[in-house]
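For reference, the structure is listed below as structure tokens.
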Amino acid sequence: EAGISFKAYAEVSQALHEMQPDNAMWTMEAGFAQSNLGNLERSRIPSDPDRVLKHFKSALQYTEIAAAQDPLYERELAESFADVSDAWLDDCNLEQAIVFRRKAVDQAAAHYRLNPMSNKSKQDYAYSLFGVSTVQLKAGQLGSAMESLQRALVLQTELVEEDTGNLKKRWNLLRQSASQAKNLDLSGKLDESWSMSLALESSMREILEQDRDPRIDNVILYAAFLRDF
């Protein structure tokens with residue numbers, strides 16, 4: 001049923017884009033439609049990695065065109081680069097996955113430098129650093145992964161300090177901190193990993209008690225952390 005709706009959305013957005021190819025809004029809609037189809041294919045069991053990659057590559061092409069037509073859409077590029085990276089990862093191509101994750105970081109960093117007071121830009125930059133760290137770890141680049149993740153943690157900590165009541169931001173910080181604790185363990189820094197994990201266990205338990213309707217992925221995050229702990 002989702003496929004029927006997403007396909008119809010893609011057909012309408014493509015028609016609008018063809019009617020006014022210089023209209024950045026319609027160009028971006030065509031890109032969003034391809035992203036929807038890519039995410040839909042990734043959700044299938046089993047999925048087709050080549051089809052996923054094709055959709056996300058197409059989405060990136062539309063996004064790049066839209067960004068050239070209207071700089072407002074440059075903010076969408078980092079996420080589009082990240083989607084292509086994940087698609088390459090599903091296709092077992094770590095080299096290309098890292099290339100596009102780095103592009104996502106560069107794009108997010110440039111946008112952040114232009115808007116350092118924007119929490120949205122800061123959050124996007126933190127996400128991009130966390131994303132590249134996960135791929136670097138898969139490629140065995142533990143030192144680079146830890147460095148990227150540490151930079152993300154600095155930004156994420158600032159976001160939480162500016163809005164301590166925001167549970168989503170707190171969960172994001174805990175998620176990235178849990179990854180850093182695991183990386184410390186992998187690098188042989190057991191004492192640091194243990195100290196960090198002790199604090200994390202207490203913080204995760206506390207936030208679960210505060211969150212009246214926790215997302216399933218946050219519950220899974222806590223369970224995975226406890227397993228590693």
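Just so it is clear, the structure is predicted and the values come from calculations on it, not from any experiment. We number each residue from 1, following the sequence as shown.
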Here the gap from Ser80 atom OG to Gln61 atom CD, rounded to the nearest 0.5 Å, amounts to 9.5 Å
So Leu137 and Leu186, do their side chains get closer than 4.5 Å, heavy atoms only? yes
Nearest heavy-atom approach of Ala82 to Ala104 is N-CB, 4.1 Å
CG (Asn166) and CG (Leu159) are apart, to the nearest 0.5 Å, by 9.0 Å
More than 12 non-hydrogen atoms from neighbouring residues, nucleotides or ligands closer than 6.0 Å to CD1 on Ile4, yes or no?
no
Solution key, residues 147-157 side-chain donor-acceptor pairs under 3.5 Å, sequence neighbours excluded:
residue	atom	partner	partner atom	Å
Ser148	OG	Gln136	OE1	3.0
Ser148	OG	Ser144	O	3.1
Gln150	OE1	Gln180	NE2	3.2
Arg151	NH2	Tyr125	OH	3.0
Gln156	OE1	Gln123	NE2	2.9
Gln156	OE1	Gln176	NE2	3.4
Thr157	OG1	Leu153	O	2.7

Of all heavy-atom pairs linking Asn183 and Met146, the shortest is CB-CG, 3.6 Å
Please check: side-chain N/O of Ser203 versus main-chain N/O of Leu200, any donor-acceptor pairing under 3.5 Å? no
Discussion item. Go through it in stages, so that I can follow the logic: the residues are Arg205 and Glu209, the test is salt bridge (charged side-chain N to carboxylate O under 4.0 Å, His left out), and I'd like the CA-CA distance, side-chain angles, deciding distance and then a yes or no.
Written reply: CA-CA 6 Å; Arg205 193 159 21 88; Glu209 292 171 355; 5.1 Å; no
Item checked: Side-chain H-bond candidate by donor/acceptor type, Asp211 with Trp171, under 3.5 Å -> yes
Looking only at heavy atoms, the pair that brings Arg75 and His111 closest together is CB-NE2, 3.8 Å
**OP:** Could you tell me whether the side chain of Ser195 and the main chain of Glu192 form a donor-acceptor pair under 3.5 Å?
**Re:** no
Can you give me every donor-acceptor pair (side chain of residues 26-34, partner residue at least two apart or in another chain, under 3.5 Å) with its distance?
residue	atom	partner	partner atom	Å
Trp26	NE1	Gln20	OE1	2.8
Thr27	OG1	His17	ND1	3.3
Thr27	OG1	Asn23	O	3.0
Thr27	OG1	Gln69	OE1	2.9
Glu29	OE1	Tyr9	OH	2.4
Gln34	OE1	His55	ND1	3.0

Is it the case that the side chain of Asn93 and the backbone of Gln96 share a donor-acceptor pair, with hydrogens and angles ignored and the cut-off at 3.5 Å?
yes
task: Check whether any side-chain heavy atom of Arg215 sits under 4.5 Å from a side-chain heavy atom of Ile220, and report yes or no.
output: no
Closest heavy-atom pair, Thr134 versus Gly131, reported as atoms and distance to 0.1 Å, is OG1-O, 2.6 Å
Rounding to 0.5 Å, atoms CG (Asp50) and NZ (Lys57) come to a distance of 9.5 Å
Query raised in the report: Do Leu60 and Asp83 have side-chain heavy atoms sitting under 4.5 Å apart?
Result: no
Lys122/Glu162 ion pair, N-O < 4.0 Å
yes
- [ ] Examine the side chains of Arg170 and Gln210 and answer whether a donor and an acceptor come within less than 3.5 Å of each other.
- [x] yes
d(Asn218 CG, Leu167 CG) to nearest 0.5 Å is 9.0 Å
Worksheet item: Would the number of heavy atoms belonging to other residues, nucleotides or ligands and lying under 6.0 Å from CG of Asp217 be above 12?
Response: yes
The reported gap from OG in Ser187 to CG in Asp185 (rounded to nearest 0.5 angstrom) is 8.0 Å
*Glu64 side chain reached by Phe81 side chain, heavy atoms, under 4.5 Å*: yes
Looking only at heavy atoms, the pair that brings Gln14 and Tyr62 closest together is OE1-OH, 2.8 Å
Scanning both residues in full, the closest heavy-atom pair of Ser35 with Phe56 reads O-CE2, 3.7 Å
| said: Looking at Ser202 and Leu198, would you say the former's side chain and the latter's main chain have a donor-acceptor pair under 3.5 Å? | reply: no
Asp228 meets the side chain to side chain donor-acceptor pair (under 3.5 Å) criterion, sequence neighbours left out, with none
Looking at Thr164 and Glu161, would you say the former's side chain and the latter's main chain have a donor-acceptor pair under 3.5 Å? no
message: Tell me whether Asp70 contacts the main-chain N or O of Ala66 through its side chain, where contact means a donor paired with an acceptor under 3.5 Å.
response: no
Exercise for the section: In sequence, state the C-alpha distance, the side-chain angles, and the governing distance for Lys120 and Asp124, and then conclude on salt bridge (charged side-chain N to carboxylate O under 4.0 Å, His left out). Expected result: CA-CA 6 Å; Lys120 177 67 167 62; Asp124 289 346; 2.7 Å; yes
